[in-house]
Enquirer: 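Please read through the structure below; I'll follow up with questions.
Remember, predicted model here, so these are calculated numbers, not experimental data. In what follows, chains are A, B, ... by sequence order, proteins preceding strands, each numbered from 1.
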Number of protein chains: 2
Amino acid sequence: MDVNLRQIRAFLAVVGLGGFTRAASALNISQPALTIRIRQLEDQIGLKLFDRNTRSVQLTRVGQELLPVFQRLMRDFDSAMADIREFSEEPRGTIRVAVLPSFAAGPLPALIADFRTRNPRVSFVLKDAVGKRVLAMVRNDEVDFGIGVGGVDEPDLDTIEVCEDRLVLVYPQGHAAGDLPQATVPVISQFPLVLMDKDTSVRRLVDEAFAAAGSIATPACEATYMSTAVSMVRAGLGLAILPASAIEIRGFTDIATRPIDDVGFVRRIVIIKRRGSSLLPAVEEFTKALLAAVTGCRPASGGCLDLQVENGGAKALAMGIQGQ
Amino acid sequence: MDVNLRQIRAFLAVVGLGGFTRAASALNISQPALTIRIRQLEDQIGLKLFDRNTRSVQLTRVGQELLPVFQRLMRDFDSAMADIREFSEEPRGTIRVAVLPSFAAGPLPALIADFRTRNPRVSFVLKDAVGKRVLAMVRNDEVDFGIGVGGVDEPDLDTIEVCEDRLVLVYPQGHAAGDLPQATVPVISQFPLVLMDKDTSVRRLVDEAFAAAGSIATPACEATYMSTAVSMVRAGLGLAILPASAIEIRGFTDIATRPIDDVGFVRRIVIIKRRGSSLLPAVEEFTKALLAAVTGCRPASGGCLDLQVENGGAKALAMGIQGQ
DNA sequence: TTGCATTTATAAGAAATCCATATTAATGCA
DNA sequence: TGCATTAATATGGATTTCTTATAAATGCAA
C-alpha cells in the first residue's frame with residue numbers, strides 16, 4: 001500500500017470543495033488528473049471513498065470514517081513542515097561553544113545576550129576550556145564550534161580569524177616597570193614574573209615569545225587562574241603577562257598594564273570548526289554576528305580586543321564587561 | 001515546499017543503516033536514485049541533513065534535530081495506514097439498519113450476535129420501523145440498509161430477496177377455525193377478525209389478499225402492536241392474521257396457528273439499499289451473512305422464515321427466538 | 001419527452017519525473 | 001602508493017503523470 005500525500009490532499013480537496021472540477025482547479029491540476037489521483041487512492045486502500053456520478057459527489061460511509069484520519073494526518077504533516085521551515089528561516093536550537101576563559105568572561109556574554117534578543121529560540125551551552133581542550137571538544141563534536149587561539153593547523157579543523165588579543169604586562173601601580181622607556185623581553189626578564197600554568201595558551205605564547213627573543217621565561221610564581229595571577233601582582237610577588245582582554249585585570253586601581261614591545265606577545269583569537277561538518281543555521285548566524293561585532297577590532301584594521309573604539313563590536317565588548 | 005513520504009523514508013533508511021548504499025538496497029532502489037532523493041529532500045527544506053563523503057555518512061546537527069520529527073511523522077502515517085487497511089480486512093464501524101418489527105424481534109438478534117462474535121469491532125444501530133418508514137429511512141441515508149417488505153419498485157432503491165414470511169391464521173386453541181378443512185378468505189371472513197393497523201405492511205397485505213379473493217377485510221378489532229392482537233385472540237375477540245415469524249404468537253399454549261389457503265397471504269422480506277451508494281465493508285459482510293443464514297428458507301427453495309429446518313439459517317432463527 | 005448544461009470518466013499523446021547502468025571522484029587502509 | 005569502498009555524476013531509457021480532447025451520464029427546463 002503506497003499512499004501519497006498528493007492523493008490525500010486530493011481527497012481532502014474534493015471533500016472540501018464538493019466536486020472534482022472545483023477541487024482540480026484549486027489544486028492547479030486538470031480534472032482528469034484529479035480523477036486518476038482519487039482512483040489511485042481508492043485502489044491503494046481498497047476502499048471506495050466517494051459515490052460519484054456526473055451530478056453529485058458524496059462521501060461513502062468509509063469516506064466519512066476516514067476523513068478525520070486523513071485530516072489529522074495532513075494537519076500533522078503540514079505543521080511539521082512549518083516547523084522545519086522555521087528551522088531555516090528563524091534560527092533555533094542549542095548552540096554549543098567551547099571558549100577560552102578570557103573570551104568567555106569577556107566579550108562573549110554581551111554578544112550572546114544581543115544575539116538572543118534577536119533570536120530568542122536559540123539557547124547556548126558554553127564550555128570554557130583552555131588551549132588544546134577547545135580543539136579536542138570541537139574535534140569530538142562535543143561543541144558546534146570553538147573560540148580558541150590561532151596557529152592551529154590541523155587537517156580536520158577550519159579556523160576563522162576573529163581578532164587579536166595582545167598580551168600585556170601587568171604591574172602594581174607605581175612600580176618601576178611603569179616608568180621603563182621600553183618593555184622588552186630582556187627588560188621584563190629582570191623582574192620576578194607571575195606566569196600562567198604550562199597548560200594554558202597564554203603561557204605557551206609567553207614561552208614562545210621569550211624564546212624568539214633569545215630568552216627563557218622563568219616564573220617566580222605560577223598560577224592556573226588569571227585572577228590568582230592578578231592577586232599575586234597586587235601582592236607584589238611580581239609582574240604578570242596576561243591577555244589585555246582578561247576581565248580579571250580590570251576594575252583595579254592599584255595595578256596598571258602596558259603593551260610589551262616585542263613581537264610575539266599577541267595571540268590570534270580564532271573560530272574553530274570541524275571541517276566538512278554542517279552546523280545549525282543558528283550557529284552560522286551566530287558566528288556571522290560574532291565576526292560582524294568584532295569588525296572594528298580585527299587584525300586587518302589593526303585593532304584588537306582591548307580597544308574600545310566606537311562601533312558595534314566595541315560596544316558589545318563594553319557591554320560584556322559591564323555585564324560581568 | 002513539497003516533501004515526499006518517499007524522501008522521508010529514504011532519510012530514515014540512511015540514518016538507520018548508516019550509509020547510502022545499504023539504505024538503497026534496503027529500499028530496493030539504486031544508490032544514485034537514493035542520492036537524488038536525499039538531495040531533493042535537502043533542497044526542499046533548504047537544510048543539509050547529512051555530512052557525507054565517500055567514507056562516512058553522518059547526521060548534521062539539523063539532521064539530528066529533525067530525525068525525531070520525521071520519525072514521528074512516518075510512524076503516525078504508517079499506523080494510520082494500518083488502521084485503514086484493517087478497515088477493509090476486518091470489518092468495523094457501525095451498521096445502521098431499519099427493520100420491520102417482526103424481523104427485528106425475530107431472527108435478527110441471533111444473526112447480529114453471531115456476526116459480532118466473528119466481527120467484534122462492528123456495532124449495530126437497529127431502528128424498527130413499519131412499512132414505508134423503512135424505505136424512507138434508507139432513502140434519507142438514516143440507515144445503511146433496510147429490511148422490509150418486497151414489492152417496492154423505486155428507481156433509487158435496490159432490493160435483494162431474503163425470504164418469504166407467510167401470514168397465518170391465529171386462533172384460540174380448540175376454536176372451530178382449527179377444524180376447518182380449508183382456511184380460505186370466504187371461510188375466514190365469517191369469523192370476527194382482529195387485524196393490524198392500516199399503517200402496517202401486514203394489514204396492507206391482508207387487504208390486498210382479501211381484495212384478490214373478491215372480498216373485503218372487515219376487522220372486529222384493530223391493533224397497532226402484534227402482542228395486542230394476540231391478546232385479543234386469546235381473549236376470544238376474534239381470529240388474527242399475523243406473520244408466521246412474529247415472535248408474539250410463540251410460547252402460548254392456548255392459541256394455535258394454521259396457514260391460509262389462499263395466494264397472497266405471504267410477504268416477501270427484502271433487503272433494501274440505496275442504489276449507487278457504497279456501504280461499509282462491514283455492511284456488505286453482514287448482508288452476505290444474513291443471506292447465507294437464510295439460504296435454507298429462501299423463496300427459491302420454497303422455504304420461509306417460520307420453517308425450522310436443519311441448517312445454519314434455521315438455527316440462527318431458533319437462537320433468535322430463544323434469545324428473546 | 002427531448003434537448004441543454006454540467007460534471008465525471010476515458011483515451012491518447014506529451015511532458016515530466018524517476019530510475020538504473022556505467023563511470024568518476026574521493027578517501028581510508030594496507 | 002595502490003586498492004577497496006563509497007558517494008556523486010552523467011545519460012539514456014522506463015515509468016509515471018499530466019493535459020487536451022472527447023465521451024458518457026444525469027439533472028433540469030422547455
Enquirer: At 4.0 Å (heavy atoms only), tell me whether A/A33 reaches a base, stays on the sugar-phosphate, or touches nothing.
Expert: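 Since a base atom lies under 4.0 Å of A/A33, the category is base.
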
Enquirer: If you pin B/P32 and B/R22 to their nearest nucleotides in DNA chain D, which one's is more 5'?
Expert: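 On the 5' side of the pair lies B/R22.
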
Enquirer: Would you check if the side chain of A/S277 reaches a backbone N or O of A/R274 as a donor-acceptor pair within less than 3.5 Å?
Expert: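 Checked: no pair found.
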
Enquirer: With a 4.0 Å cut-off on heavy atoms, is B/T21 in touch with a base, just the backbone sugar-phosphate, or nothing at all?
Expert: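 Result for B/T21 = sugar-phosphate.
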
Enquirer: Answer yes when A/E65 and A/R61 have at least one side-chain N-carboxylate O distance shorter than 4.0 Å, and no when they do not.
Expert: yes

Enquirer: Would you compute the distance between atom CD1 of B/I45 and atom CG of A/D83 and round it to the nearest 0.5 angstrom?
Expert: 12.0 Å

Enquirer: Treating B/E164 as the side-chain partner and B/R268 as the backbone partner, does any N or O pair qualify as donor plus acceptor under 3.5 Å?
Expert: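 The answer is no, because no donor-acceptor pair under 3.5 Å joins these two groups.
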
Enquirer: Looking at DNA chain C, which of residues 2-14 of chain A put a heavy atom within less than 4.0 Å of it?
Expert: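 The stretch gives none, as no residue of it lies under 4.0 Å from the strand.
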
Enquirer: A/D158 pairs by salt bridge (Lys or Arg N to Asp or Glu O under 4.0 Å) with which of A/R275, A/R139, A/K273?
Expert: A/R275

Enquirer: May I ask you to list the residues of residues 50-66 of chain A, by number, that have any heavy atom positioned under 4.0 Å from an atom of DNA chain C?
Expert: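 A/R52, A/N53, A/T54, A/R55, A/V57, in order of number.
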
Enquirer: Please name the residue in the list B/Q31, B/R37, B/R39 that meets the side-chain hydrogen bond (donor to acceptor under 3.5 Å, both in side chains) test with B/T35.
Expert: B/Q31

Enquirer: With a strict under 4.0 Å distance from non-hydrogen atoms of chain A, what nucleotide opens and what nucleotide closes the contacted stretch of DNA chain D, reading 5' to 3'?
Expert: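 From 5' to 3', the first and last contacting nucleotides are D/dT17 to D/dG27.
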
Enquirer: Would you say A/D197's side chain and A/D199's backbone share a donor-acceptor pair under 3.5 angstrom?
Expert: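 Checked: pair present.
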
Enquirer: Check the orientation of A/F286 and A/F145. Use parallel for under 30°, tilted for 30 to 60°, and perpendicular for over 60°.
Expert: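 Geometry flag for A/F145 against A/F286: tilted rings.
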
Enquirer: Are side-chain N/O atoms of B/S278 and A/D51 paired as donor and acceptor at under 3.5 Å?
Expert: yes

Enquirer: State whether the side chain of A/E42 and the backbone N or O of A/F50 hold a donor-acceptor pair below 3.5 Å, judged by distance alone.
Expert: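 Here the side-chain-to-backbone pair exists.
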
Enquirer: Take the protein atom CD1 of A/I29 and the nucleotide atom P of C/dA9, then report the distance between them rounded to whole Å.
Expert: 13 Å

Enquirer: Looking only at atom types and distance, does a side-chain atom of A/N53 sit under 3.5 Å from a main-chain N or O of A/S56, one as donor and one as acceptor?
Expert: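 Confirmed, A/N53 side chain pairs with A/S56 backbone.
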
Enquirer: Relative to the 5' end of DNA chain C, which residue comes earlier, B/I36 or B/Q31, by the nucleotide with the nearest heavy atom?
Expert: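 The 5'-side residue here is B/I36.
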
Enquirer: Expressed in angstrom and rounded to an integer, what is the separation of B/N28 atom CG from C/dC18 atom C1'?
Expert: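 It is 16 Å, rounded to the nearest whole Å.
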
Enquirer: Does C/dT17 have OP1 or OP2 under 4.0 Å away from a side-chain N or O of B/Q40?
Expert: no

